J.: 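The structure under discussion is supplied below as C-alpha cells; questions concerning it will follow.
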Amino acid sequence: MKLFLIDAYALIYRSYYAFIKIPRINSKGVNTSAIFGFINSLEDILKRENPTHIAVAFDPHGPTFRHEAYEQYKAQREETPEVIKQSVPIIKNIIKAYNIPILEVAGYEADDVIGTIAKQAAKEDFDVYMMTPDKDYGQLVEDHIFMYRPRFGGDYEIMGVPEVLNKYGLTSTEQVIDLLGLMGDTSDNIPGCPGVGEKTAQKLLTEFGTIENLLANTDKLKGAQRIKVEKNAEQIRFSKFLATIKTDVPIQFDANLYIREKPDVEQLTKIYTELEFRTFINKLSEEVKKPLPKQPLQGDLFGLFEVETTSASKYSTLADLRSISHKYYIADTEQKQNDLASFLENQEFFAFDTETDNIDPLNAGLVGMSFAVKENEAWYVPVPENSIEADKVVSRFSPALENEKIQKIGQNIKFDILVLRKYRVKVAGPLFDTMIAHYLLNPELRHGMDYLAETYLKYKPIPIEELIGTRGKKQLSMRDVPLSKISEYAAEDADVTLKLRNYFAPELKKEGIDSLFYDIEMPLIYVLTDMEATGVTIDTIALKQSSEELSIVMVALEKEIYEMAGKKFNINSARQVGEILFDHLKIEEKAKKTKTGNYSTSEDILEKMRGKHPIIGKLLEYRGLKKLLSTYIDALPELIRPTSGKIHTSYNQAVTATGRLSSTNPNLQNIPVRDELGREIRKAFTADNTNCIFFSADYSQIELRIMAHLSNDQHMIDAFCSGADIHAATAAKIYGVPLEEVTSDMRRKAKTANFGIIYGISIFGLSERLNIPRAEAKELIDGYFQSYPRIREYMDESIANAKEKGYVETIFKRKRFLPDITSHNAIVRGYAERNAINAPIQGSAADIIKVAMIRIFNRFEKEKLKSKMILQVHDELNFNVYKDELETVKQIVLEEMEGVIKLQVPLIADCGEGTNWLEAH
DNA sequence: ATCGGGTCGAG
DNA sequence: CACTCGACCCGAT
C-alpha cells in the first residue's frame, strides 16, 4: 500500500515562485499561479504514482510550539504573499472536492504532522512518500518512508535511506537534524552555528556523530573552530531543537480515513470553471472513468456489518478526526452498569480511576468511577451521594475489581484502593501503577499524570481547574461538576492511564526493572494501603498534658531571653535571632552567613558558641521545645480521625531518589527518639488497647552490612560474621588495639567514620562533624581504608561504573541516574560521586525492607492474624500485636526480615515489645 | 495565598 | 565540604 503525504505550503510556495516571472492571471485579474501549480503537482502524483492512500497537511494559523520557544522563528521570512493567502482557501476547497483529507493540528507544523503519520503508517505495511522539497524531511526517512522531492523540469526524486545518507554524507538519517542544527537553514530561520556550513557540519558529524557528543568534546577541536562551537553551544542546541520534526503529534493514523477516493467531478468542474482552468476541466471527464487502485482487505470488520461511510472527506480537519478518535460513554443506568461490569469481568486488565469529593482518600466520598480497556474508549460511572444508593452502584463493579485474575491499572492506585475500601470493595489482583512505573524509570522527575501525558503521549488532559476552578478562588466540589464535564474528564483519566501503561510496560522490561516493579513495588501497594487504613493509636491525654507543661516553660524561657537580649524580638525568626546575637549583642566577631546573606544560627553553630553567652543555651532550649511542641505535641492530636480514633499517615512510594518510602500527613518517620524530651512523644504512640502490645523490629546495621556485601571486603565481612559490635570492631582496627581496649571515644569516632563512609564523606566533613583537626580526620580515614582495603576500591568502582553507564543500581536493579558524574564543576561532580556510593547502599536497604514487608503481610493474611503492621521507618517495622499472637508475630517478622536475601554477611533484625513505641525499642 | 529559605526531627 | 526525607516558621511576593 502506498501512502502519499503532501506538505501543502511547501508546494504552494514553490508553485507561486516558479511562476513569479510570468504569473498566471485569469480574465478576472486573479493570480492563479499557486493554485495551478498545486493542482498540477497533485494530478501528477495521482497519475504517476497511483497512491492507495493520500492526505494533505497544512500549517495551522496560530503559533506552533516552536514559536513558543523562539519568537523569532520564521519571523524574518517575509509576510506570506497576499496571493498565497487568497489561494489557500480555494486550494483547500479543491482538495475537499478531491475527497482527500486535510490534516491540520493546532500548535504543530505540517512537517510534524506528516512525520507523525508517516512513522505510524510505516509500521502498518505502508510505503510512505512525503511530498515536499524541504530537506529537513530527510530525518524522517527510514525503511518504508521516502522523500518525494519535486525537481525542476517536472520529474521527481525519490529519496530512501541510502540516497539521504549519500547526499549529505551521514551515517544515519537522524543526523539530518544535527546537520541542520549546525549549518542552519535560512528558509526556516534556524540559526545554526555561525561560520559552519554544510561541509564543516558534515566533517564534524563524521567525527562526533551528534551535536551532543560534539558539544561534550569541544576540547578535541582546534583553534577558531573550537571557539566558534563553544561560544554558540546554546544556539546549536536550540537549532537542533528547531530542526527536529516531531513524530508524536496528538493524532492517530487511521488507514480508513486516508483511502483514495474518486473526486467529486461536479464540484471540481464548478471550481475550475470559476478559475478558468479549461485544461483541467477537460482532463476531469477522463479521470472519472479510471478505476481506483485496489484496496487490500481490511479484515473482518467490513465484512461483518455495513459501515455507514469510510469517506475520508467527511472528516476533513483534525478537529473532526480527533472528535471521532475517542469514545467516552456514561454508564448511568443499572442496565448499562451491569453490562459494563460483566464486560470488565471478562477482561485480562482494565484501567480505572475514581473521582472523589476530597483529596484525602480516607475522608473522600466517591463521585464517580471511570474504566478503560481499549485506547480511546472509556466509561464513566456516576456514583450517587446517598450512601445506600452509592453502595448499590459500586457493588455492581465489585466482582470485576476484586477478581484476582484481572490486572488493575491506575495512576497512584493506592488512592483508589483506599477510597473503594470504604465502600467495602477489596481491590485484588495484579496491579500496574503508572506513577510508580515512571518513578522507577526516572526517580528524580515528577510523576503527575498531567506531566506524564504531556511528556510521553503529547497530550494535554483537561485541567482539573476547568472543573472546580482555580485554587485560591472558591472551589467547587467534584460533586457539583456537571455530569457532561466530569464524565469527559474522568473517562479521559482512565484512557490516559491505560495509554501510559502501554507506553511504560515495555520500557520497564527494556530497562530490566520489570521484576522490581511487578514483584516488589506493585505488591507493596496492598501492604501500604492496609497500613494506612489501619492507623496508629495516640495517647492524646499524655500529649495534652505535655503541651501544657511545655507551654509554661516556654513562656518563662521567652521572658528570660528578652531580658538577656535587652529587647523583644521574634525568637522564631532565624534572621532576627542572628541580628540579636551578632549585631546587637556582638557575641561573636566572625559570623557564618547563609547563602542569602543572613547570619547562620543553626544548631551546630550555636552549640559551638554556647559558652560565650548565657542567651545561647536558652535559645537552643527554646528552639528545641518549640519544635517538639509545634511539630509533634500540638500537631499530632489534631490529626486523629474521628472515624477510627487513630492517626493515619500516608506513605509516598514515588518520592525519594533512592527507593525509600516517605511519610506525610503526618510524617511518622521523624518522631523524636534521640533526646529525653523527644522520647516523651514516642511514649504517646501506643498499642490499640489492653489486649494489644506494641511490637517493633529493626534491621541491625543494614546499610553497613550491604556495604560489606557489595564491597566484598573480607575484614568487614569477618567482623559482621563474628557477631561483634561493628563500631567497636572498626575502632579496634583503626587504632590498632584489642577489642577490649577500645574506649568510648574511639568507638564514637569509628561510628562516625562508618556512617561517613556510606555517605562518601571528606576529610573536611569528618573533622567538622567530630570537631577534630583535619590532620586527625585524615589519619582516621587513612586508618579506615587500611583496615578495610576493599571499601576504597568499591567506592572507586562505583564512581567509575556510574561514569560508564550513567547510572548506579541496587541489588534489586533499582536505578539512579547520575548525569552530573561527568560534570566539569568539581562541586557538582562531587555530589554525584557521593550519590554513586550512597544510592546503591541506601537503595538496596530500601528494597530489602520492602520485600520483607510484602512477605510479612502475606503471612499475616495467610495465617489470618488480627495483628497489623502499622509503621515503617526505613529500617524498622512496627506492629500492633494481639497478645496471644505475639510469639507467632515475632517468629514471622524476624524470619521474613532476616530471610529476604542471602548476603555475604548475616542479615540481622532486633526486636522488642512494650505498651508503647518507646518501650518496644 | 504561595513559595523559597532556614532550621530541625528521623534513618 | 555526609546521604535520604517532611514539617514548621518566617518573610517576600
Side-chain angles (χ1 to χ4, degrees), chain A residues 443-444 470-473 475 569-578 592-607 619-620 622-636 638-639 649-652 655-675 677-679 681-682 698-699 701-704 707 752-770 774 777 781 816 826-828 830-843 845-846 849 871-877 917:
Chain A
E444 281 169 280
T470 45
R471 278 180 296 179
K473 294 185 179 131
Q475 279 189 10
F569 64 100
N570 186 344
I571 307 172
N572 294 320
S573 166
R575 190 175 139 184
Q576 291 183 34
V577 168
K592 260 196 187 175
K593 298 230 176 162
T594 65
K595 55 185 160 185
T596 46
N598 295 316
Y599 296 114
S600 175
T601 65
S602 61
E603 189 187 334
D604 55 331
I605 296 202
L606 259 46
E607 201 58 57
L619 272 172
L620 283 165
Y622 178 90
R623 272 214 187 141
L625 294 183
K626 176 80 187 174
K627 174 87 173 182
L628 293 181
L629 204 59
S630 62
T631 307
Y632 306 106
I633 297 173
D634 286 342
L636 289 175
E638 300 291 317
L639 293 161
T649 186
S650 173
Y651 289 102
N652 200 325
V655 164
T656 71
T658 53
R660 278 186 173 182
L661 298 175
S662 84
S663 153
T664 56
N665 284 311
N667 180 355
L668 294 185
Q669 291 179 323
N670 69 345
I671 301 301
V673 72
R674 290 174 189 173
D675 59 74
L677 241 150
R679 287 165 174 263
I681 297 166
R682 283 221 168 196
D698 67 298
Y699 280 114
Q701 303 298 347
I702 187 168
E703 295 195 353
L704 223 41
M707 179 77 143
T752 307
N754 269 332
F755 277 107
I757 291 297
I758 293 172
Y759 302 142
I761 200 178
S762 63
I763 289 164
F764 177 90
L766 190 64
S767 71
E768 275 290 290
R769 200 149 289 269
L770 283 172
R774 300 256 199 108
I781 290 181
R816 175 157 186 191
I827 297 171
V828 172
Y831 186 72
E833 287 175 352
R834 291 194 296 278
N835 279 327
I837 296 162
N838 178 261
I841 297 171
Q842 190 180 119
I849 198 165
L871 294 172
Q872 190 252 40
V873 192
H874 309 308
D875 63 355
E876 163 188 348
L877 296 174
W917 195 356

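Computed from a prediction, not measured in an experiment: that's the story for all the values here. Below, chain A is the first sequence line, B the second, and so on; all start at residue 1. Only heavy atoms go into these numbers, but all of them, side chains included; no hydrogens, no water, no symmetry mates.
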J.: Judged by atom type as modelled, is there a donor-acceptor pair below 3.5 Å linking the side chain of A:E444 to the main-chain atoms of A:A657?
T.: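 Such a contact is absent between A:E444 side chain and A:A657 backbone.
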J.: Over all strands shown, is A:Q576 touching base, sugar-phosphate only, or nothing at heavy-atom distances under 4.0 angstrom?
T.: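 Sugar-phosphate contact only.
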J.: Measuring from the side chain of A:Y759 (C-beta onward, heavy atoms only), which nucleotide among C:dT4, C:dC3, B:dT7 has the closest atom?
T.: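 The answer is C:dC3, which lies nearest to the side chain.
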J.: Quickly work out the A:E876 CD to B:dA10 C1' distance and round it to whole Å.
T.: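 These atoms are roughly 10 Å apart.
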J.: Let me know the distance between CG of A:L668 and C1' of B:dG9, rounded to the nearest Å.
T.: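 Distance, rounded to whole Å: 12 Å.
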J.: Over all strands shown, is A:R774 touching base, sugar-phosphate only, or nothing at heavy-atom distances under 4.0 angstrom?
T.: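 If one applies the 4.0 Å heavy-atom cut-off, A:R774 turns out to touch nothing in the nucleic acid.
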J.: If you look at every strand shown and take non-hydrogen atoms under 4.0 Å, does A:A657 touch a base, only sugar-phosphate, or nothing?
T.: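 Sugar-phosphate: the residue A:A657, judged by heavy atoms under 4.0 Å, touches backbone atoms but no base.
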J.: Taking only the side-chain heavy atoms of A:E603 (C-beta and beyond), determine which of C:dC1, B:dG9, C:dC3 contains the nearest atom.
T.: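 The answer is B:dG9, which lies nearest to the side chain.
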J.: Counting only side-chain N and O atoms of A:R674, is one of them less than 4.0 Å from OP1 or OP2 of B:dG11?
T.: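 Yes, such a contact exists.
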J.: Please check the phosphate of C:dT4 (OP1 and OP2 only) for any side-chain N or O of A:Y831 closer than 4.0 Å.
T.: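 Answer yes for this pair, as a side-chain N or O of A:Y831 is under 4.0 Å from OP1 or OP2.
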J.: Can you name the ring-ring contact (aromatic ring centres under 6.0 Å, His included) partners of A:Y599, sequence neighbours left out?
T.: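 Partners of A:Y599 by the ring-ring contact (aromatic ring centres under 6.0 Å, His included) criterion, ordered by chain and then number, come out as A:F582.
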J.: Under 4.0 Å between any heavy atoms, over every strand shown, what does A:G756 touch: base, sugar-phosphate, or nothing? Just pick one.
T.: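 A:G756: base contact, heavy atoms under 4.0 Å.
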J.: Calculate the interatomic distance between A:Q842 atom CD and B:dA10 atom P; express it in whole Å.
T.: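 A:Q842 atom CD is separated from B:dA10 atom P by 17 Å.
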J.: As a test of understanding, state which of A:E703, A:Q842, A:Q669 forms a side chain to side chain contact (heavy atoms under 4.5 Å, CB included) with A:H874.
T.: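 Going through the options one by one, the only one that passes is A:Q669.
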J.: In whole angstrom, what separates A:E833's CD from C:dC3's P?
T.: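 Computing the A:E833:CD to C:dC3:P distance gives 12 Å.
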J.: Can you find a heavy atom in the side chain of A:I758 that is under 4.5 Å from one in the side chain of A:I837?
T.: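 Not in contact.
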J.: With a 4.0 Å cut-off on heavy atoms, is A:I671 in touch with a base, just the backbone sugar-phosphate, or nothing at all?
T.: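 Sugar-phosphate: the residue A:I671, judged by heavy atoms under 4.0 Å, touches backbone atoms but no base.
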J.: Write down the distance between CD1 (A:I571) and C1' (B:dC8), rounded to a whole number of angstrom.
T.: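 Atom-to-atom, A:I571 to B:dC8, this comes out as 17 Å.
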J.: Apply side-chain hydrogen bond (donor to acceptor under 3.5 Å, both in side chains) to A:R623 and A:T601, showing your working.
T.: CA-CA 11 Å; A:R623 272 214 187 141; A:T601 65; 2.6 Å; yes
J.: Give one of base, sugar-phosphate or nothing for A:S650, where a contact means two heavy atoms less than 4.0 Å apart.
T.: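 It contacts nothing in the nucleic acid.
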J.: Where do N or O atoms of nucleotides 7-9 of chain C meet protein N or O atoms at under 3.5 Å, pair by pair?
T.:
{"unit_1": "C:dA7", "atom_1": "OP1", "unit_2": "A:N665", "atom_2": "N", "d": "3.0"}

J.: Heavy atoms, side chains only, cut-off 4.5 Å: are A:S663 and A:N652 in contact?
T.: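 The answer is no, as the side chains (C-beta and beyond) never meet within the 4.5 Å cut-off.
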J.: Please report, rounded to the nearest Å, how far the P atom of C:dT4 is from the CD1 atom of A:I702.
T.: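 Interatomic distance, CD1 of A:I702 to P of C:dT4: 18 Å.
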J.: Closer than 4.0 Å, any side-chain N/O of A:S662 to the OP1 or OP2 of C:dG6?
T.: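 Yes, such a contact exists.
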J.: With distance as the sole criterion, do the side chain of A:R575 and the base of C:dG11 form a donor-acceptor contact below 3.5 Å?
T.: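 In this structure, the two groups form no donor-acceptor pair.
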J.: What verdict does the side-chain hydrogen bond (donor to acceptor under 3.5 Å, both in side chains) test give for A:S662 and A:T656, after you've listed the backbone C-alpha separation in whole Å, the side-chain angles of each residue and the deciding distance to 0.1 Å?
T.: CA-CA 7 Å; A:S662 84; A:T656 71; over 6 Å; no
J.: Could you state the atom-to-atom distance from CD of A:Q701 to P of B:dG11 in whole Å?
T.: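 Interatomic distance, CD of A:Q701 to P of B:dG11: 12 Å.
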J.: Distance check needed: B:dA10 P versus A:I849 CD1, whole Å only.
T.: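 Rounded to the whole Å, the gap is 18 Å.
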J.: For A:R834 and C:dC1, is the shortest distance between a side-chain N/O and OP1 or OP2 below 4.0 Å?
T.: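 For C:dC1, OP1/OP2 do not have a side-chain N/O of A:R834 under 4.0 Å.
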J.: So, the side chain of A:Y699 versus the backbone of A:A845: is there a donor-acceptor pair under 3.5 Å, distance only?
T.: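 Checked: no pair found.
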